[in-house]
Amino acid sequence: MADAVTFSFSDTIAGYVTRFDSGTRLLRLKTADGREFDVSLAGDPSAELVRNLDEPYIDASGHIDEMLSPGRFLFVYGVHYPERGGSFDAKRLVFLGRGAEDYRFEEPSWWIKQIESLADFYKRAQFGDGPVDFTEYRTEIRLGGDKTASHVQETDTISRLVYGMASAYLLTGKDEYLEVAERGTEYLRKHMRVVDSEEDVVFWYHGISVDGDSERKLFTSEFSDDYDAIPMYEQIYALAGPIQTYRVTGDIRIKNDADATIRLFDKFFFDPEQGGYYSHIDPILFSADHESLGENAERKNWNSVGDHAPAYLINLYLATGDQKYADFLEYTFDTIADKFPDYKNSPFVQERFFRDWSHDTAHSWQQNRAVVGHNLKIAWNLMRMNSLKAKPEYEQLAKKIGEIMPAVGSDVQRGGWYDVVERLKDGDQEAYRFAWHDRKAWWQQEQAILAYLILNGTVGGDANLREARQAQAFYNTFFLDHDEGAVYFNVLASGTPYLLGTERLKGSHSMSMYHSAELCYLSAVYNNLLINGREMDFHFQPDPTNLPDRVLRVSPDLLPAGSVRIASVEIDEKPYTDFDADALTVRLPDVQGRVKVKVRLRPVTK
């Protein structure tokens, strides 16, 4: 095989401008890992500013020369030709802001506008212009928002939609989003919830198959990895949307459901001898070791141990301040910090385990492979937990992940973060091999963005800020669907949308509104409150009689103690002063019925 590439191909370079000669039209870019490339602009490429959803195309083609100032980060898409050792002709340039130091996604309202657009897309896709009727909900949504012929309603995807709508209300105060969240929560409680009075637990159906006015309950999972079993992660994510709604409304019924589901986890998924939570139980005996579970018997994994925190448990603690949830969180993160690192063998954490915590390296599709986003998700959530209860092992592990992951999990040539890679190199391999492809999934970009934003916002560091900006830049440049709305599931390594099979869909077993909305909500929080020192408004609509002592807790996330305080409160659009600015609590008036609460939070000057 020839040493040199002898064919032409199109690709993307993400880099920082080191030099531009307007006479020769030659641009030199330095990639994230310090390699330099010469790019020819002689072919009059187009240029544009990155734009948010629902924004028009912003042409910058007439300003290329003045915008190519040293240090500016941008994307260049072009064609590589093999002649004279290789040349790269630019065809499209994407700038991230008008000035060299400007990044549009750091604008105060960028992520708030984006979550509005997402909410409008999914509301329109599921319910059209009619009333919010969840009998019309469908799991599968096509690229443009049309429904497929499938009539299955999965519990988790409804919950994820509910989460997105509740988050959109928190940021915007628009009643139409809260209506979807509340009606979705009611639909889940009525159709997907099972109250087992004998065991004093609640569990959730996988979903229902709808045929006209009749519905068939789907008790066990229909997904291939978990078929005919009750997987922990489906029970976990059934709570995601309702609990985010509970933060807004304080509906005590939601909290009761969560407590009963946690009792399910502790009675049937928890391992009292070896610790941690099993990933599956069988549907008859609720046993984690039944032979019908096959390779899922007596297994533990990231989803069963760690996913409690981001999916519902942190939000449940934020809404209540209850110590028992803080204890559960501490147990979760102690387990992660103790069991998941495997740095003597691999730069990636271990994700699957047998009952005794020995490593399961032959399970199903995962084998001995790493999901890049799970590593980043651990770093992000460790830093959240570290704000609640600081421990050296939490911060050290999060920082370690942040430091080592770019070289092994990110695309230092084009930007963005990869999907699944082998945890170990084979023989004389220099790079960790991709499991199946080098595509990039929307949810893994989220984990990178939030990990580096919170690392920068809590422990600082130019490297963390640079990684956060690069990840936000790739996501906002390539994942936003400006033609149909919402975001793409996957893009190719170059950033081109990948639109085949289930990855063409905007709604599926794997995709609803959850990750894209969570990204918007927390990127707004971290960018504004932790990093850029900007005030933010948050909206709630509780009935004071539902809250203990009528106290509404308004902290937007687990943030460092003393980093933000309440600047002002309005109730039903009138100024209100009964609040504890530092405790981030509002004592609501002694009235019957729901009130609209708007809280302005202000970062504390460091």
Side-chain angles (χ1 to χ4, degrees), residues 1-15 29-38 79-88 301-302 339-354 357-379 397 399-441 444-445 447-448 451-452 463 466-467 470-471 474 490-496 498:
M1 183 176 179
D3 291 334
V5 175
T6 58
F7 54 88
S8 62
F9 58 89
S10 299
D11 209 345
T12 298
I13 300 175
L29 288 179
K30 180 184 288 187
T31 59
D33 61 340
R35 292 170 295 113
E36 294 196 354
F37 289 86
D38 287 331
V79 181
H80 167 85
Y81 294 101
E83 60 201 34
R84 297 185 301 278
S87 67
F88 190 82
N301 60 27
W302 156 253
K339 304 299 185 183
F340 283 65
D342 185 34
Y343 293 118
K344 291 182 180 179
N345 301 303
S346 171
F348 303 101
V349 299
Q350 180 59 245
E351 300 178 42
R352 291 188 182 268
F353 307 88
F354 294 102
W357 295 103
S358 57
H359 296 174
D360 181 359
T361 59
H363 188 278
S364 184
W365 58 267
Q366 185 146 26
Q367 303 296 303
N368 195 18
R369 295 166 178 152
V371 180
V372 171
H374 286 166
N375 290 261
L376 298 161
K377 197 172 191 179
I378 288 172
L397 178 54
K399 290 166 69 173
K400 185 180 184 74
I401 291 172
E403 289 166 1
I404 65 178
M405 284 302 293
V408 297
S410 76
D411 185 342
V412 295
Q413 174 78 15
R414 306 167 189 86
W417 290 77
Y418 292 119
D419 184 8
V420 180
V421 298
E422 300 294 338
R423 294 185 67 254
L424 303 174
K425 297 174 186 174
D426 187 20
D428 61 353
Q429 292 175 350
E430 296 181 4
Y432 292 90
R433 293 303 196 252
F434 303 114
W436 308 291
H437 55 70
D438 62 354
R439 299 196 292 275
K440 299 160 185 173
Q444 306 216 41
Q445 313 314 305
Q447 310 308 316
Y452 288 104
R466 185 172 62 251
E467 292 294 342
Q470 289 170 176
F474 189 87
N490 260 355
V491 299
L492 301 176
S494 64
T496 303
Y498 180 79

Point to revise | Spacing of CD belonging to E403 relative to CD belonging to E467, to within rounding of 0.5 Å | key: 11.0 Å
Review point. Hey, what's the ring geometry for W302 with F340, parallel, tilted or perpendicular (30° and 60° as the breaks)?
Key: perpendicular
Review point. If you look at every heavy atom in A451 and L376, which pair is closest and at what distance?
Key: CB-O, 3.5 Å
Exercise for review: Could you check Q445, K440, Q470 and say which one makes a side chain to side chain contact (heavy atoms under 4.5 Å, CB included) with W417?
Suggested key: Q445
Practice item. Output the distance between atom CH2 (W436) and atom CG (D419), rounded to the nearest 0.5 Å. Key: 6.5 Å
Review point. Is it true that a side-chain atom of Q444 and a backbone atom of G373 form a donor plus acceptor pair closer than 3.5 Å?
Key: yes
Check your understanding: Is Y452 reaching over with its side chain to a backbone N or O of A471, donor-acceptor style, under 3.5 angstrom?
Key -> no
Check your understanding: Regarding Y418 and D411, is there a side-chain donor-to-acceptor distance under 3.5 Å anywhere?
Key -> yes
Review point. Hey, is the main chain of T361 close enough, under 3.5 Å, to the side chain of H359 for a donor-acceptor pair?
Key: no
Check your understanding: Taking all atoms of both residues into account, what is the closest heavy-atom pair of V79 and S10, and its distance?
Key -> CG2-OG, 3.9 Å
Exercise for review: Step through the shown structure and confirm whether more than 12 heavy atoms of other residues, nucleotides or ligands are within 6.0 Å of NZ on K339.
Suggested key: yes
Practice item. Kindly write out the residues that satisfy salt bridge (Lys or Arg N to Asp or Glu O under 4.0 Å) with R35, not counting sequence neighbours, or none if the list is empty. Key: D33
Practice item. Could you grab the distance from atom OG1 of T31 to atom CD of E36, nearest 0.5 Å is fine? Key: 8.5 Å
Review point. Hey, do the aromatic rings of F88 and F37 have their centres closer than 6.0 Å?
Key: no
Review point. Charged N to carboxylate O below 4.0 Å: is that the case for R369 and E422?
Key: yes
Review point. Is H437 close to Y498 at the side-chain level, that is, under 4.5 Å between some pair of heavy atoms?
Key: no
Exercise for review: Could you tell me whether Y432 and F348 have their ring centroids closer than 6.0 angstrom?
Suggested key: yes
Review point. Can I378 and V349 be said to form a side-chain contact (heavy atoms from CB on, under 4.5 Å), step by step?
Key: CA-CA 9 Å; I378 288 172; V349 299; 3.9 Å; yes
Check your understanding: Can you name the salt bridge (Lys or Arg N to Asp or Glu O under 4.0 Å) partners of R423, sequence neighbours left out?
Key -> D342
Check your understanding: Short question: side chain of N490, backbone of A441 - any donor-acceptor pair under 3.5 Å?
Key -> yes
Study note, to complete from the structure: When every non-hydrogen atom of I404 is compared with those of P347, the smallest separation belongs to CD1-O, 3.2 Å
Check your understanding: Which value, rounded to the nearest 0.5 Å, describes the distance between D438 atom CG and L492 atom CG?
Key -> 7.5 Å
Check your understanding: Are I13 and R414 close enough, and set up right, to give a side-chain contact (heavy atoms from CB on, under 4.5 Å), and what steps lead you there?
Key -> CA-CA 5 Å; I13 300 175; R414 306 167 189 86; over 6 Å; no
Check your understanding: Are any of the side-chain heavy atoms of L397 and P341 separated by less than 4.5 Å?
Key -> yes
Practice item. Please test V372 against V420 for side-chain contact (heavy atoms from CB on, under 4.5 Å), starting from the C-alpha separation and ending with a verdict. Key: CA-CA 6 Å; V372 171; V420 180; over 6 Å; no
**Study point:** Steps toward side-chain contact (heavy atoms from CB on, under 4.5 Å) verdict (N375, M405)
**Key:** CA-CA 8 Å; N375 290 261; M405 284 302 293; 3.9 Å; yes
Review point. Under 4.5 Å between any side-chain heavy atoms of E351 and V371, yes or no?
Key: yes
Check your understanding: Can we call the ring centroids of H80 and F9 under 6.0 Å apart?
Key -> yes
